[in-house]
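Below is one structure, written out as structure tokens; comments come after it.
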Number of protein chains: 2
Amino acid sequence: MNTNQAVITLSCLAQEARLKIFRLLVQTSPAGLAAGEIASRLDMPHSTLSFHLKELSHAGLVKSEQSGRFVYYSTDFSTMNALMAFLTENCCGGEQSCCLPEKHS
Amino acid sequence: MNTNQAVITLSCLAQEARLKIFRLLVQTSPAGLAAGEIASRLDMPHSTLSFHLKELSHAGLVKSEQSGRFVYYSTDFSTMNALMAFLTENCCGGEQSCCLPEKHS
DNA sequence: ACTGTATTTCCATATTTATGGAAATATAAA
DNA sequence: TTTATATTTCCATAAATATGGAAATACAGT
């Protein structure tokens with residue numbers, strides 16, 4: 001992951017429709033959902049959904065697999081994990097303590 | 001964190017200049033840097049930097065503290081951590097295994 | 001008060017991007 | 001081949017956002 005890739009990945013998620021699609025796929029992973037199922041769950045026109053799925057695929061955030069007439073989409077976690085690592089890289093000069101989430105008891 | 005907040009936070013980071021500023025502050029946290037030091041390290045005009053710092057502050061990604069004529073900026077990790085949690089919320093239906101980064105030996 | 005340094009605001013221009021209906025394409029079943 | 005269902009592409013319109021020089025503001029030291 002480098003700056004340009006990270007900007008592409010973040011831009012892709014920084015959009016209400018795409019963020020909802022991504023989170024829905026995160027929650028239904030690793031199985032994924034067919035495009036039409038995503039459209040009906042999110043009440044989104046097919047053309048709009050298709051546009052956003054293409055963006056998400058291009059950014060490497062989701063992957064697709066055709067099965068008959070259906071195209072199943074699911075999360076590609078490697079990109080998401082690489083992004084998170086990039087954002088906190090060399091946190092606190094490598095000390096890695098100030099940037100960790102606080103533990104909840 | 002909700003969808004709208006996440007979109008604001010992600011939009012803020014999805015910009016080359018702001019991403020560089022944020023990462024620089026991550027790496028120099030928790031001390032932070034004065035605005036002018038950020039500008040010179042990233043070779044960025046002051047007006048441009050100021051615009052982006054305002055965006056980052058508004059999104060809660062950085063915090064600032066005035067000290068004499070200097071304004072020190074540093075990362076606000078709570079927002080970053082909330083964003084990461086939101087993105088992987090209910091991952092894999094709560095199973096939380098498919099979405100973790102792979103361990104490196 | 002005056003000078004020097006630090007930071008922010010103003011502003012006009014240029015660029016990028018989301019939307020959804022209709023048509024096109026792809027696959028499966030009758 | 002005909003019909004039905006799934007998904008994608010096309011396209012014109014509308015909206016949001018980054019840039020950086022010049023001026024304004026804020027603060028400290030003399």
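In what follows, every chain begins at residue 1, and chains take the letters A, B, ... in the order their sequences are listed.
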For [X] and [N], what is the distance between atoms [atom1] and [atom2] respectively, to the nearest whole Å?
| X | N | atom1 | atom2 | result |
| --- | --- | --- | --- | --- |
| A:Ile38 | D:dA6 | CD1 | P | 14 Å |
| B:Leu49 | D:dG21 | CG | P | 14 Å |
| B:Phe51 | C:dA12 | CZ | P | 16 Å |
| A:Glu55 | D:dT9 | CD | C1' | 14 Å |
| B:Leu42 | D:dT19 | CG | P | 12 Å |
| A:Leu53 | C:dA18 | CG | C1' | 15 Å |
| B:Leu56 | D:dA18 | CG | C1' | 14 Å |

For [X], what residues pass the side-chain hydrogen bond (donor to acceptor under 3.5 Å, both in side chains) criterion, not counting sequence neighbours?
| X | value |
| --- | --- |
| B:Glu16 | B:Lys20 |
| A:Glu37 | A:Arg41 |
| B:Ser78 | B:Asp76 |

Which other residues belong to the hydrophobic cluster containing B:Tyr72, where Ile, Leu, Val, Met, Phe, Trp and Tyr are joined when side-chain heavy atoms lie under 4.5 Å apart, directly or via other members? B:Phe70
Residues that B:Lys63 engages under salt bridge (charged side-chain N to carboxylate O under 4.0 Å, His left out), provided they are two or more places apart: none
According to salt bridge (charged side-chain N to carboxylate O under 4.0 Å, His left out), who are the partners of B:Arg69, at least two apart in sequence or on a separate chain? none
Among residues 7-24 of chain A, which contact DNA chain D at a heavy-atom distance under 4.0 Å? none
Distance-only check: which donor-acceptor pairs under 3.5 Å involve side-chain atoms of residues 47-58 of chain B, not counting sequence neighbours?
residue: B:His52; atom: ND1; partner: B:Arg18; partner atom: NH1; Å: 3.1
residue: B:Ser57; atom: OG; partner: B:Leu53; partner atom: O; Å: 3.0

For B:Leu83 and B:Ala6, which heavy atoms make the closest approach, and how far apart are they? CD1-CB, 4.1 Å
Among A:Thr75, A:Leu33, A:Leu19, which one satisfies side chain to side chain contact (heavy atoms under 4.5 Å, CB included) with A:Leu24? A:Leu33
Listing request: all salt bridge (charged side-chain N to carboxylate O under 4.0 Å, His left out) pairs with a residue in residues 77-88 of chain A, at least two apart in sequence or in separate chains. none
Is there a donor-acceptor pair under 3.5 Å between the side chain of B:Gln15 and the backbone N or O of B:Cys12? no
Under 3.5 Å, is there a donor-acceptor pair between the side chain of B:Arg23 and the main chain of A:Asn90? no
Would you call B:Leu87 and A:Met84 a side-chain contact if the rule is heavy atoms closer than 4.5 Å? yes
Check this for me: B:Glu65, atom CD, are more than 12 non-hydrogen atoms of other residues, nucleotides or ligands nearer than 6.0 Å? no
When the rotation axes relating C1' atoms of four end pairs to the next four are compared across the helix from C:dA1-D:dT30 to C:dA30-D:dT1, five pairs an end, they differ to 10° by 30°
Please list, for nucleotides 10-16 of chain D, all pairs of protein and nucleotide N/O atoms separated by less than 3.5 Å.
none

Can you tell which of C:dT27, D:dT8, C:dT19 lies closest to the side chain of A:Thr48? C:dT19
Using heavy-atom distances to pick each residue's nearest nucleotide on DNA chain C, tell me which of A:Gln66 and A:Pro45 is more 5'. A:Pro45
Can a side chain N or O of A:His52 be found less than 4.0 Å away from OP1 or OP2 on C:dT17? no
I'd like a table of atom pairs between the protein and nucleotides 3-7 of chain C - only N or O on both sides, under 3.5 Å - with the distance next to each one.
residue: C:dG4; atom: N2; partner: B:Arg69; partner atom: NH1; Å: 3.0
residue: C:dT5; atom: O4'; partner: B:Arg69; partner atom: NH1; Å: 3.4
residue: C:dA6; atom: O3'; partner: B:Arg69; partner atom: O; Å: 3.3
residue: C:dT7; atom: OP1; partner: B:Ala35; partner atom: N; Å: 3.2
residue: C:dT7; atom: OP1; partner: B:Val71; partner atom: N; Å: 3.2
residue: C:dT7; atom: OP2; partner: B:Gly36; partner atom: N; Å: 2.5

